[in-house]
Amino acid sequence: MSKEDMPIESIQQYISKLLEAGELKIIKSEVNPNLEIAEILRRYMYVKGPAILFKNIKGYDMPVLGNAFGSLKRLQIGLETDDFIDIGKRIVEMTKMDMQSGIINKIKKIPEISKIGDIFPKLEKTGPINDVISEPTMSKIPILKSWYKDAGKFITFGIVTTKHPETGVRNLGVYRIQIIDDKHAIIHWQKHKRSAQHSTLRKNNEKINVAIILGADPATVFASVAPVPEGLDKYVFAGIVRKKGVKITKCKTIDLEVPSNSEIVLEGYVDPNELKEEGPFGDHTGYYTPKDMFPIFTLTGLMQKNNPVYLTTVVGKPILEDAYIGKVIERSFLPLIKFLQPEVVDFSMPSSGWFQGMAIVSIRKIYPGQAKKVMMGLWGMGQLSLTKIIITVDEDINIHKIDDVIWSLTTRTDPARDIMIINNTPTDTLDPASPIVNMGSKMGIDATQKTFEENYNRPIPEKAIVDAVTKSLVDSKWESY
């Protein structure tokens, strides 16, 4: 692999790429991490502005990077691809290999892996993250308070790293983290998330090792938020995205590995029995998430680069930075959805629905009841189990044009016949509308054209479309008009 083909190895290398592309603004005026930075970032995000590097943070020596992934162009730069679906195709290839081998964590033994490159993590004895091994404290990190009624300062882009206690498969997940003091924080990992499940699987309620990565290469950041297939190590997934394995190194005080090129790593543990009230927090639904009980993280060690950059994000009513990451996830996982449900043509999770709120899927319909079959299949796929509303349309509908979707809804849906309500199902913990936390209902809307077998007892209407002769005539004379 030539130097030009090497993947981006760190957030600081990514900053250089953004600067070259005119996608980064540097703010040198003094700014306060208490509310001020968050409001600046929101204003830039809402007008689709650039990434922001704050150089002069009141009370801190460390710069802050925000809105780093707040456009599809920036994500193309960071993930080094113009076609996010190509990532999905590699996911499908891995899935096929897994189905053939049966054991994902032994996939190194599969000869076919050479077709998609050397994607497995590379363990190193040391790396830039080992430049500074200091007294463990969070007091020197410019952690933001984002909203006036937030319970305090929150780490919002920390990659929480854990291992499955039985299989050893590593998970990377982004969960908000409320700071209690210099050595303690509260991790908001919800019941449905894998790190929370790792915690509950510990024998005899043992403590679970946790590393919090603050700033990593873009592919690892993307891997941490992506809903990868169960059992796939997140570092392996990052390698799939990068087409090159992530360089990792051992933590100093706990048995976990972190990217060698991380900016800052907080090492510690969580005691499943030690809970504390977390929140409120102004969340990506546009509402404050109320207080709830979550586990306490205790800091035992800290590693960092020389002169690190603190990566952060802010959330609130859509559309903000997380919407663009979500859109890349949507495109990247389309091939996997189509692999598991071949009739699917396209899939969308509108940003204004904060992704978990609504999904729209178009299908190639060939038999009655197929739309409901697809919806139930999607609700059985990982994080899609938390999606509240699914709308299914025919393949002639462009699901990325909401006017087309509404037209299909109003011309092909009879509410009594075509709306399916399922009660007492898992919901997103952050859903502000569910009757109780983590439990609510789902709605499936079949907006496909119905057939006689689906209780449509009238002739199927013919679409009014332009005839070929008229279309050709007007096309040929268009310039003269």
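In what follows, every heavy atom counts, from backbone to side chain, and hydrogens, waters and symmetry copies are set aside.
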S.K.: Salt-bridge test for Lys291 and Glu278: reply yes if a basic N is under 4.0 Å from a carboxylate O, no otherwise.
M.R.: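 No, this pair does not count.
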
S.K.: Which pair of non-hydrogen atoms, one from Pro121 and one from Val236, has the smallest distance, and what is that distance?
M.R.: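 Smallest interatomic distance, heavy atoms only, reads CD-CG2, 4.2 Å.
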
S.K.: Check whether any side-chain N or O of Ser332 sits under 3.5 Å from a backbone N or O of Ile87 as a donor-acceptor pair, and report yes or no.
M.R.: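 Checked: no pair found.
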
S.K.: For residues Val315 and Gly282, report the shortest heavy-atom separation together with the two atoms involved.
M.R.: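 Looks like CG2-O, 3.5 Å.
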
S.K.: Working to the nearest 0.5 Å, report the span between CE of Met375 and CD1 of Ile422.
M.R.: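 Between Met375 CE and Ile422 CD1, I get 8.5 Å after rounding to 0.5 Å.
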
S.K.: Does any part of the side chain of Pro426, heavy atoms only, come nearer than 4.5 Å to the side chain of Asn438, both counted from C-beta?
M.R.: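 No, every pair of side-chain atoms sits at 4.5 Å or beyond.
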
S.K.: Under a 4.5 Å cut-off applied to non-hydrogen side-chain atoms, are Val393 and Val361 in contact?
M.R.: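 With C-beta onward as the side chain, the pair stays apart.
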
S.K.: With the threshold set at 4.0 Å, does a side-chain nitrogen-carboxylate oxygen contact exist between Arg412 and Asp396?
M.R.: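 Looking at Asp396 together with Arg412, the answer is yes, because their closest N to O distance falls below 4.0 Å.
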
S.K.: So how far is it from Leu79 CG to Lys243 NZ, rounded to the nearest 0.5 Å?
M.R.: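 Leu79 CG to Lys243 NZ: 11.5 Å, rounded to 0.5 Å.
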
S.K.: Does the side chain of Tyr44 reach to within under 4.5 Å of the side chain of Glu321, using non-hydrogen atoms?
M.R.: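 No, too far: nothing below the 4.5 Å cut-off.
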
S.K.: In sequence, state the C-alpha distance, the side-chain angles, and the governing distance for Glu124 and Lys250, and then conclude on salt bridge (Lys or Arg N to Asp or Glu O under 4.0 Å).
M.R.: CA-CA 8 Å; Glu124 300 182 322; Lys250 289 275 189 183; over 6 Å; no

S.K.: Indicate yes or no for a side-chain donor-acceptor contact from Asp86 to the backbone of Asp83 under 3.5 Å, with no hydrogens or angles considered.
M.R.: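 It does not hold such a pair.
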
S.K.: I'd like to know whether Glu257 forms a salt bridge (Lys or Arg N to Asp or Glu O under 4.0 Å) with Lys163, so could you lay out the CA-CA distance, the side-chain angles of the two residues, the decisive distance to 0.1 Å, and finally the verdict.
M.R.: CA-CA 10 Å; Glu257 298 81 31; Lys163 276 185 184 178; 3.4 Å; yes

S.K.: Quick check for you: to the nearest 0.5 Å, what is the distance between Leu144 atom CG and Phe157 atom CZ?
M.R.: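 Answer for the CG-CZ pair, Leu144 versus Phe157, is 12.5 Å.
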
S.K.: Any non-hydrogen side-chain atom of Asn67 less than 4.5 Å from a side-chain atom of Thr313?
M.R.: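 Answer no - side chains too far apart.
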
S.K.: Which heavy-atom pair separates Ile57 from Pro33 by the least distance, and what is that distance?
M.R.: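 Heavy-atom minimum between the residues: CG2-CD, 3.8 Å.
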
S.K.: List the steps and the verdict of ring pair (Phe, Tyr, Trp, His ring centres under 6.0 Å) for Phe154 and Phe281.
M.R.: CA-CA 9 Å; Phe154 285 81; Phe281 175 75; 4.6 Å; yes

S.K.: Does any N or O in the side chain of Gln341 come within less than 3.5 Å of the main-chain N or O of Ile337, such that one atom is a donor and the other an acceptor?
M.R.: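 Looks like no, no N/O pair under 3.5 Å.
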
S.K.: Counting only heavy atoms from other residues, nucleotides and ligands, does the tally under 6.0 Å from CG of Asn32 exceed 12?
M.R.: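 Yes, enclosed.
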
S.K.: Under a 4.0 Å threshold between the charged nitrogen and the carboxylate oxygen, would Lys17 count as salt-bridged to Glu23?
M.R.: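 So Glu23 does not pair with Lys17 through a salt bridge.
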
S.K.: Under 4.0 Å between a side-chain nitrogen and a carboxylate oxygen: does that hold for Glu330 and Lys327?
M.R.: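 Result for this pair is yes, salt bridge flagged.
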
S.K.: Verify salt bridge (Lys or Arg N to Asp or Glu O under 4.0 Å) between Asp283 and Arg176, making sure each step is shown before the conclusion.
M.R.: CA-CA 10 Å; Asp283 225 316; Arg176 71 174 188 248; 2.6 Å; yes

S.K.: Looking at Ala447, is its backbone amide N or carbonyl O close enough to the side chain of Ser408 to form a donor-acceptor pair, meaning the two atoms are under 3.5 Å apart?
M.R.: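 Yes.
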
S.K.: Of all heavy-atom pairs between Leu302 and Pro136, which one has the smallest distance, and what is that distance?
M.R.: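 That would be CB-CA, 4.0 Å.
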
S.K.: Can you measure from CD1 (Ile325) to CG (Leu72) and round to the nearest 0.5 angstrom?
M.R.: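 Separation between the atoms: 11.0 Å.
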
S.K.: Do Trp189 and Val160 have side-chain heavy atoms sitting under 4.5 Å apart?
M.R.: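 Touching, per the 4.5 Å side-chain cut-off.
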
S.K.: Does atom NZ (Lys25) have a neighbourhood of more than 12 heavy atoms from anything else shown, all under 6.0 Å?
M.R.: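 Result for NZ/Lys25: open.
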
S.K.: Any Lys/Arg nitrogen of Lys305 or Glu263 sitting under 4.0 Å from an Asp/Glu carboxylate oxygen of the other?
M.R.: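 Salt bridge: yes.
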
S.K.: Output, in order, the C-alpha distance, side-chain angles, deciding distance and verdict of side-chain hydrogen bond (donor to acceptor under 3.5 Å, both in side chains) for Thr448 and Asp446.
M.R.: CA-CA 6 Å; Thr448 61; Asp446 179 356; 2.5 Å; yes

S.K.: If only atom types and distance count, is the side chain of Thr285 paired as donor or acceptor with the main-chain N or O of Tyr287 below 3.5 Å?
M.R.: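 At least one qualifying donor-acceptor pair exists.
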
S.K.: Just how far is it from atom CG of Leu65 to atom CG of Leu311, taken to the nearest 0.5 Å?
M.R.: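 Here the rounded value is 5.5 Å.
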
S.K.: Under 3.5 Å, is there a donor-acceptor pair between the side chain of Thr249 and the main chain of Ser260?
M.R.: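 Such a contact is absent between Thr249 side chain and Ser260 backbone.
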
S.K.: Between His188 and Tyr175 (judged by ring centroids, cut-off 6.0 Å), do the two rings come close enough to count as a pair?
M.R.: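 Here the rings of Tyr175 and His188 have centres that are no less than 6.0 Å from each other.
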
S.K.: Might you point out which heavy atoms bring Val314 and Ser146 nearest each other, and give the distance in Å?
M.R.: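 It is CG1-OG, 3.9 Å.
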
S.K.: Any side-chain to backbone donor/acceptor pair from Lys442 onto Ser385? Under 3.5 Å, distance only.
M.R.: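 Between the backbone of Ser385 and the side chain of Lys442 there is a qualifying donor-acceptor contact (under 3.5 Å).
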
S.K.: Can you pull the salt bridge (Lys or Arg N to Asp or Glu O under 4.0 Å) pairs that have at least one residue in residues 136-157, sequence neighbours excluded?
M.R.: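 Pairs touching residues 136-157 that pass the test: none.
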
S.K.: Is Lys244 salt-bridged to Glu80, going by a charged N under 4.0 Å from an acidic O?
M.R.: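 No, Lys244 and Glu80 are not salt-bridged.
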
S.K.: Would Thr312 and Thr156 count as having a side-chain donor-acceptor pair, cut-off 3.5 Å?
M.R.: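 Indeed, the side chains of Thr312 and Thr156 share at least one donor-acceptor pair under 3.5 Å.
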
S.K.: Val132 vs Asn306, test: side chain to side chain contact (heavy atoms under 4.5 Å, CB included). Steps then yes/no.
M.R.: CA-CA 6 Å; Val132 180; Asn306 282 317; 3.3 Å; yes

S.K.: Centres of the Tyr324 and Phe69 rings: under 6.0 Å?
M.R.: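 No; Phe69 has its ring centre 6.0 Å or more from that of Tyr324.
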
S.K.: Could you list all the salt bridge (Lys or Arg N to Asp or Glu O under 4.0 Å) pairs where at least one residue sits in residues 46-58, not counting sequence neighbours?
M.R.: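 Listed once each, the pairs would be none.
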
S.K.: Is any side-chain heavy atom of Ile129 closer than 4.5 Å to one of Asn261?
M.R.: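 The answer is no, as the side chains (C-beta and beyond) never meet within the 4.5 Å cut-off.
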
S.K.: Does the pair Ile177 and Ile212 meet the rule for a side chain to side chain contact (heavy atoms under 4.5 Å, CB included), with working shown?
M.R.: CA-CA 10 Å; Ile177 301 164; Ile212 302 170; 3.6 Å; yes

S.K.: Would you indicate whether Asp475, at its atom CG, is surrounded by more than 12 heavy atoms from other residues, nucleotides or ligands within a distance under 6.0 Å?
M.R.: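 Result for CG/Asp475: enclosed.
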
S.K.: Check whether Asp346 reaches the backbone of Asn398 with its side chain - one donor and one acceptor, N or O, closer than 3.5 Å.
M.R.: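 Answer holds: no.
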
S.K.: Would you please test Asp394 and Lys365 for salt bridge (Lys or Arg N to Asp or Glu O under 4.0 Å) and show each step?
M.R.: CA-CA 7 Å; Asp394 291 295; Lys365 183 176 173 180; 5.4 Å; no

S.K.: Please report the C-alpha distance between Tyr148 and Glu39 in whole Å, then the side-chain angles of each, then the deciding distance to 0.1 Å, and finally whether the side chain to side chain contact (heavy atoms under 4.5 Å, CB included) criterion is met.
M.R.: CA-CA 10 Å; Tyr148 177 70; Glu39 177 60 9; over 6 Å; no

S.K.: Is a side-chain N or O of Thr411 found less than 3.5 angstrom from the main chain of Trp407, in a donor-acceptor match?
M.R.: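 Checking the backbone N and O of Trp407 against the side chain of Thr411, a donor-acceptor pair under 3.5 Å is found.
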
S.K.: When you measure from the side chain of Thr413 to the backbone of Thr410, do you find a donor-acceptor pair of N or O atoms at a distance under 3.5 Å?
M.R.: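 Answer holds: no.
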
S.K.: List the atom of Val210, the atom of Ile187, and the distance in Å for their closest heavy-atom pair.
M.R.: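 Reported closest heavy-atom pair: CG1-CD1, 4.1 Å.
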
S.K.: Check whether any side-chain heavy atom of Met420 lies under 4.5 Å from a side-chain heavy atom of Ile390, and answer yes or no.
M.R.: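 Met420 vs Ile390: side chains apart.
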
S.K.: Can you tell me how far the CG atom of Leu19 sits from the CD1 atom of Ile26, to the nearest 0.5 Å?
M.R.: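 Interatomic distance, Leu19 CG to Ile26 CD1, rounded to 0.5 Å: 5.5 Å.
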
S.K.: Mind checking whether Met358 and Thr387 have side chains closer than 4.5 Å, heavy atoms only?
M.R.: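 Answer no - side chains too far apart.
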
